[in-house]
Every structure is written in C-alpha cells, then in structure tokens.
There are 2 protein chains.
Amino acid sequence: MDFVIEHLKKHGIKPSVQRVAIMRYLMEHCTHPTVDAIYCDLQSQMPTLSRTTVYNTLSLLEERDALSVLTIDSRNIHYDGDTRPHAHFLCRRCKQIFDVPMPQGSADEMPETPAGFKVEHTHLYYDGLCDRCRVEEN
Amino acid sequence: MDFVIEHLKKHGIKPSVQRVAIMRYLMEHCTHPTVDAIYCDLQSQMPTLSRTTVYNTLSLLEERDALSVLTIDSRNIHYDGDTRPHAHFLCRRCKQIFDVPMPQGSADEMPETPAGFKVEHTHLYYDGLCDRCRVEEN
DNA sequence: TGTAATTTTGTAACGATTTCAAATTTATAA
DNA sequence: TTATAAATTTGAAATCGTTACAAAATTACA
C-alpha cells in the first residue's frame, strides 16, 4: 500500500484525496513549506483545492502527530513531514530552514527532559547565517 | 545607575522613556509576555503609549540582542527579558510558558552547535502538559 | 534659541488564520 | 440500488496580529 496512505491510517486519519495530497507533499519535500507554499504548489494538480482545506488538514495532521510543526520562524509557521527527531537551522538572511542532526553522541538522542512536566514534543532550533550567506554577506 | 538603563546602553540603545518602560517590564516579569500583554499592562502607567511603539521597541531590542524572542507558541510571539541560556516549556492546555534549565551537566551549557553554520542563537523548546494540567485533565 | 535628527503616535493597510454555512462527497442502511 | 445520515470540502467574510507611513512630539546639537 502507498506509504502516504499507510502513514495517515497509522495516525487514525481517513485518507481523503486532499489529505493524501497534502501529506504526500510534506513527505516528498524537505523544504519545510508554509501553508501558502503547500496550497500554491498543489493548486496546479488540484484546481478546486481550498486554502481552508489546507488549514484544516494541517490542523488534523498536527493533532494526530502525523507531522511536525516548526515555529522557528516568527513570520510564518512551517511544516515538516519528517517526524524523526532532528533539529533545525533558520538562516536570518535567506530565510531557508535546514535540517541538522540532533547533538550529542547517539544521533537521534533528544536533550534530557525537564522534571515536573509531561513532555510530548521537543524542538531544538538554531538561527544565524548559513554557509552561503555567511560568504555573501558583504 | 538603573540596571534597565544600563542594560539598554550596553546594547547600544538610547534609553527613551518608552524603551526603558518596556525593557523594565520584560526584566521584572518572568511571564514571557506577548506584545499585547506588554501594551495593555503599560497602558495604565503610560496612557499615550502606542501599540506601534511597543512593536518598534521590541524589534529594536531584538536587533540589538537585548531580549530573547520566543517562537515556541505558534499563535503568538512571546518575549523574554532574561537572555541567559535556558530552555522553555509550553503547556498545551493552559498555554503557560515555563522556564526550564538547559539539559546536560553544566547548567548553562548549550547543545552542541551544528557544523557549517554560523549559529547566533539556540532555542530549546518543550511542549506537553504542565504539572497542574496533567492532574486536572479529565 | 533655532534647526536638524530622532522617536513616538495613530490610522490605514496588509496578510495569515479562523469562522461559518452551504455544497459536495462518502458511508450506511433500507 | 436508493435514500438518508455523516463526514469532508469549499469560498466568502470576519478576525487578529503586524507593518507601513506620515504627521506630531521630543530630543540633540549648533
């Protein structure tokens, strides 16, 4: 079975045409797209797609933990179809978001969780200048 | 000299009445306020204060690294006058943001930085349920 | 004291997100 | 099948956080 449909079902989501398209977009792109990027890109294949559907679907996917919501960029929410633990880097110049490995020895080991809280998600964000922008900046 | 004015000068910011009031608010409250919270709370003492001034001032303070911008909550930007390294926890139920210590042995040691980037800031966010909400939830 | 530079202010515009009710599609039962 | 109910999608309008901008007020400087 299609890995996208499988992924949705695993998270208790009925795989409608729109949901599959949106989830597939997220799983096949490592661009950490915004709502608008997803909407505009899918528009060509699905002319009837509504912006509201993209919002609704992303909310549902978030609720069921089928994607990762990146709040690294204060100007826009970004989405990541890769839910495996990894950190992110936002370049303040080109605004691109890069995947970076989690720190410490074992690759995907999360930072130690704080006491007294029931931690459900951990996000590690860096910002600064990416390699290219570091060179290009005057 | 007043520690707020001192803080502003240290970051190359001319201490106007409004800037001092906003920076003082941030340094004396550990509530991680939003723009609106700052504006509404200062309103009573400074009736002529403009929302735009709060936005302008927070932008300036961010630019000069005189505060920390928290993007942990996708619904609202929060600000933190404490720029010492520490992590944050957002409760999904009561929406409160809590300070939590950075993980690892030495208290304020940041997670290792990724190669190939010029890292300027690091943010470690957790979300889930706080102690109180964990008990109260159904 | 006068002039320039900086800062603050309020209104209007903008853009992302939500609300909501109608239309469509899908599931269920006769 | 066909009828009916439930779920999903859609588009328009409303909402809300943020930005743009130009005028007013304040501060710095000669």
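So that the names make sense, note that chain A is the first sequence line, chain B the second, and so on, each numbered from 1. Only this structure's heavy atoms are used, side chains among them; waters, hydrogens and symmetry mates stay out. Just so we're clear, the structure is a prediction, and the values are computed from it rather than from any experiment.
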Check: Is any side-chain N or O of B/Y55 closer than 4.0 Å to OP1 or OP2 of D/dT19?
Finding: no
Next item on the list: Heavy atoms only: give me the nearest B/V69-B/H123 pair and the separation to one decimal.
Entry: O-CE1, 3.4 Å
Check: Over how many whole Å does the gap from B/M46 atom CE to C/dT9 atom P extend?
Finding: 6 Å
Note to self: What is the distance, to the nearest angstrom, from the CG atom on B/L58 to the P atom on C/dT8?
What the structure shows: 12 Å
Notebook entry, point to check: So what does B/T34 touch, heavy atoms closer than 4.0 Å: a base, only the sugar-phosphate, or nothing?
Noted result: nothing
Margin query: Can you tell me if A/S16 touches the phosphate of D/dT9, counting only side-chain N or O atoms and a distance under 4.0 Å to OP1 or OP2?
Written below: yes
Checklist line | Distance in angstrom units between B/L49 CG and C/dT7 P, rounded | finding: 16 Å
Notebook entry, point to check: Shortest non-hydrogen contact from B/G81 to B/M23?
Noted result: CA-CE, 4.2 Å
Next item on the list: Check each of B/T31, B/D73, B/T71 against B/H78 using the side chain to side chain donor-acceptor pair (under 3.5 Å) test, and report the only one that passes.
Entry: B/D73
Next item on the list: Let me know the distance between CG of B/L8 and C1' of C/dT7, rounded to the nearest Å.
Entry: 14 Å
Next item on the list: Go through the steps for B/R51 and B/D36 under the test salt bridge (Lys or Arg N to Asp or Glu O under 4.0 Å), then give the verdict.
Entry: CA-CA 8 Å; B/R51 210 176 229 102; B/D36 225 58; 2.7 Å; yes
Next item on the list: For A/Q18 and D/dT8, give me the distance from atom CD to atom P, rounded to whole Å.
Entry: 11 Å
Next item on the list: Using the closest heavy atom to pick a nucleotide of DNA chain C for each, name whichever of B/S74 or B/N56 lands nearer the 5' end.
Entry: B/N56
Next item on the list: For A/Y79 and C/dA16, give me the distance from atom OH to atom C1', rounded to whole Å.
Entry: 11 Å
Margin query: Heavy atoms only, 4.0 Å cut-off, all strands: where does B/R75 land among base, sugar-phosphate and nothing?
Written below: nothing
Check: Want to settle it: does A/T52 or B/P47 sit nearer the 5' end of DNA chain C, counting the closest nucleotide to each?
Finding: B/P47
Note to self: Tell me the interatomic distance from A/N76, atom CG, to C/dC14, atom P, rounded to whole angstroms.
What the structure shows: 18 Å
Checklist line | Interatomic distance where CZ belongs to B/R51 and P belongs to C/dT11 [whole Å] | finding: 12 Å
Checklist line | Salt-bridge criterion met for B/R132 and B/E137 (N-O under 4.0 Å) | finding: no
Margin query: Please tell me if A/K14 has a side-chain N or O lying less than 4.0 Å from either OP1 or OP2 of D/dA7.
Written below: no
Item checked: Dot-bracket pairing map - DNA chain D, Watson-Crick plus G-U, both contacts under 3.5 Å, | cross-strand -> ||||||||||||||||||||||||||||||
Notebook entry, point to check: If only side-chain N and O atoms of A/T48 are considered, is one of them under 4.0 Å from the OP1 or OP2 phosphate oxygen of D/dT10?
Noted result: yes
Note to self: Under a 4.0 Å threshold between the charged nitrogen and the carboxylate oxygen, would B/D2 count as salt-bridged to B/R24?
What the structure shows: yes
Margin query: Salt bridge or not between A/E62 and A/R64? Use side-chain N to carboxylate O under 4.0 Å.
Written below: no
